[in-house]
A.B. asks: 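Let me give you the structure first, and then I'll get to my questions.
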Amino acid sequence: MPSLRVSQITLGTWAIGGGKAWGQTARHQCLETIETALDLGITTIDTAPAYGAGKAESLVGEALRGKRSDVILATKAGLLINEHYRHCLSPASIRTQLEESLRRLGTDYIDIYFLHHPDPATPIEKSVEEFQKLKEEGIIRAVGLSNHSPAELQRALSAGPIDYIQDQLSLLNHVALSSLLPLCRENAIGFMAYAPLAAGLLTGKYRTRPSFPKGDVRKSFYHFFDEQPWENAQNVLSSLRERASRKHTHLSALAIAWVLSHKGICSCVTGARKPHQVAANSKATEIEFTAQERDALAHLAHQAQ
């Protein structure tokens, strides 16, 4: 596994970026959320320029003033900030994007730098080669891929070592368990699972199927709230409520703990924009499953897929 000591829970900051994707967020609440995460021992923070057109990075930078050395900071390149996302991972653009991220974050290095999404116009080998140069120069400490297929990972590995992978993994979407995760284990790549709460569905806060406005990522990027996935999730939620009650913990903590229980998962990237959400998610590291409990949840997950 990579040498960086990421925390089992990583604070994801997409929602903190707000904008059309998540709605408006209050600056003071966002800063308090980041501070709460640090107080709870969450030492890894994940962000990206595309989260609120740079807003999330700026808020993270503000919150980390005087604390930068205590944190593993991850950000990304590949989605340019404009009205519509545009993929670009050309070597020259990577340099420019990194300089802008460093400025917003108020730092001179990035711990984990991710290729955010594949760029159809640039061979992944060229992008990874540029990332390796940045690592050799000491501007970044680790190279990561986010939202890439097993085939793309294999191509990336031909251009240099990959330290981390980010991909979706939850009780409602566990394709990565049989696709990406085995490759990561074979190549000593740390797997950072994002969306372990299925865009908030596995927190149990939605009692009826919600309707989100156009452009909201819970409608456009995730599909857990479409009619059939929503119906499939109800048995999982029912079981989680029962088990959470028996263990005296939160549904969200139980769902995250199930993801963390798989060999090769080094961290769960859990989004939050309120302090109490971070506190609930952090309880996941205290949960242990018996083999029977883990198998029972895995059975539920396969039924819901």
Side-chain angles (χ1 to χ4, degrees), residues 4-77 79 81 97-114 116 140-141 144 146 166 192-197 199-200 203 205 212-213 215-218 221 250 252-253 256 267-285:
L4 294 183
R5 298 185 64 181
V6 298
S7 50
Q8 285 185 290
I9 304 295
T10 291
L11 176 63
T13 62
W14 192 2
I16 282 175
K20 292 181 180 179
W22 292 95
Q24 296 305 308
T25 56
R27 173 182 164 278
H28 70 90
Q29 189 177 69
C30 294
L31 294 174
E32 186 180 351
T33 299
I34 297 169
E35 290 164 4
T36 298
L38 297 176
D39 290 342
L40 290 170
I42 296 172
T43 57
T44 308
I45 297 178
D46 178 80
T47 189
Y51 299 167
K55 180 181 178 182
E57 284 189 326
S58 295
L59 286 167
V60 169
E62 184 176 351
L64 294 187
R65 287 174 187 163
K67 305 172 184 176
R68 173 67 182 93
S69 62
D70 300 327
V71 171
I72 299 295
L73 182 57
T75 192
K76 308 175 182 74
L79 286 184
I81 300 173
Q97 292 177 61
L98 178 56
E99 289 171 4
E100 293 172 350
S101 287
L102 292 171
R103 176 180 53 78
R104 285 189 292 266
L105 289 163
T107 185
D108 57 4
Y109 70 99
I110 301 298
D111 294 292
I112 311 173
Y113 202 37
F114 284 96
H116 202 162
I140 68 174
R141 298 175 66 198
S146 179
Q166 271 194 17
M192 300 177 71
Y194 77 82
L197 298 177
T203 66
K205 67 180 180 180
F212 298 110
D216 190 297
V217 295
R218 287 163 292 189
F221 185 78
H250 300 273
S252 58
I256 294 167
S267 188
C268 271
V269 183
T270 60
R273 49 181 165 179
K274 296 179 181 179
H276 75 86
Q277 294 170 333
V278 177
N281 295 345
S282 70
K283 297 294 183 182
T285 60

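Side chains are part of it too, since the values below use all heavy atoms of this structure and drop only hydrogens, waters and symmetry mates.
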A.B. asks: Less than 4.5 Å apart, any side-chain heavy atom of Asp111 and any of Leu4?
C.D. replies: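 Result yes, sub-4.5 Å side-chain heavy-atom pair found.
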A.B. asks: Just how far is it from atom CZ of Arg5 to atom OG of Ser267, taken to the nearest 0.5 Å?
C.D. replies: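 If we round to the nearest 0.5 Å, Arg5:CZ and Ser267:OG are 13.5 Å apart.
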A.B. asks: Asp46 versus Phe114: any side-chain heavy-atom pair under 4.5 Å?
C.D. replies: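 When only atoms from C-beta onward are counted, Phe114 and Asp46 do touch, with a gap below 4.5 Å.
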A.B. asks: With a 4.5 Å limit on heavy-atom distance, are the side chains of Ile9 and Ile256 in contact?
C.D. replies: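 Yes, at least one pair of side-chain atoms sits under 4.5 Å.
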A.B. asks: Are Arg68 and Tyr109 in a cation-pi setup, meaning NZ or CZ lies under 6.0 angstrom from the ring centre and within 45 degrees of the ring axis?
C.D. replies: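 Yes - Arg68 lies over the ring of Tyr109, closer than 6.0 Å to its centre and within 45° of its axis.
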A.B. asks: Do Val278 and Ile42 touch side chain to side chain, with heavy atoms closer than 4.5 Å?
C.D. replies: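 Yes, close enough: below the 4.5 Å cut-off.
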A.B. asks: When you look at Thr44 and Ser7, which way does the side-chain hydrogen bond (donor to acceptor under 3.5 Å, both in side chains) test go after all the steps?
C.D. replies: CA-CA 6 Å; Thr44 308; Ser7 50; 3.2 Å; yes
A.B. asks: Flag the pair Thr43 / Asp70 as yes when at least one side-chain heavy-atom distance between them is below 4.5 Å, and no otherwise.
C.D. replies: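 No - every pair of side-chain heavy atoms lies 4.5 Å or more apart.
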A.B. asks: Report yes if some heavy atom in the side chain of Ile72 is under 4.5 Å from a heavy atom in the side chain of Ile112; otherwise report no.
C.D. replies: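 Answer yes - side chains close enough.
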A.B. asks: Do the side chains of Arg103 and Glu57 get close enough for a salt bridge, i.e. N-O under 4.0 angstrom?
C.D. replies: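 Salt bridge absent between Arg103 and Glu57.
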A.B. asks: Are the side chain of Lys76 and the backbone of Tyr113 linked by a donor-acceptor contact shorter than 3.5 Å?
C.D. replies: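 Not confirmed, Lys76 side chain does not pair with Tyr113 backbone.
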A.B. asks: Step by step, would you call Thr75 with Thr47 a side-chain hydrogen bond (donor to acceptor under 3.5 Å, both in side chains)?
C.D. replies: CA-CA 5 Å; Thr75 192; Thr47 189; 5.1 Å; no
A.B. asks: Looking at side-chain heavy atoms only, is the closest gap between Ser252 and Gln277 below 4.5 Å?
C.D. replies: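 Side chain of Ser252 against side chain of Gln277, heavy atoms only: no contact under 4.5 Å found.
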A.B. asks: Calculate, to the nearest 0.5 Å, the distance between atoms NZ and CD1 belonging to Lys67 and Ile34 respectively.
C.D. replies: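 Here the rounded value is 9.5 Å.
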A.B. asks: State whether the side chain of Thr36 and the backbone N or O of Pro275 hold a donor-acceptor pair below 3.5 Å, judged by distance alone.
C.D. replies: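 Here the side-chain-to-backbone pair does not exist.
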A.B. asks: For residues Leu11 and Val269, determine if any side-chain heavy atom of one lies less than 4.5 Å from a side-chain heavy atom of the other.
C.D. replies: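 No, too far: nothing below the 4.5 Å cut-off.
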A.B. asks: Please verify the inter-ring angle class for Phe221 with Trp14; under 30° counts as parallel, over 60° as perpendicular, anything in between as tilted.
C.D. replies: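 The arrangement is perpendicular - the two ring planes meet at more than 60°.
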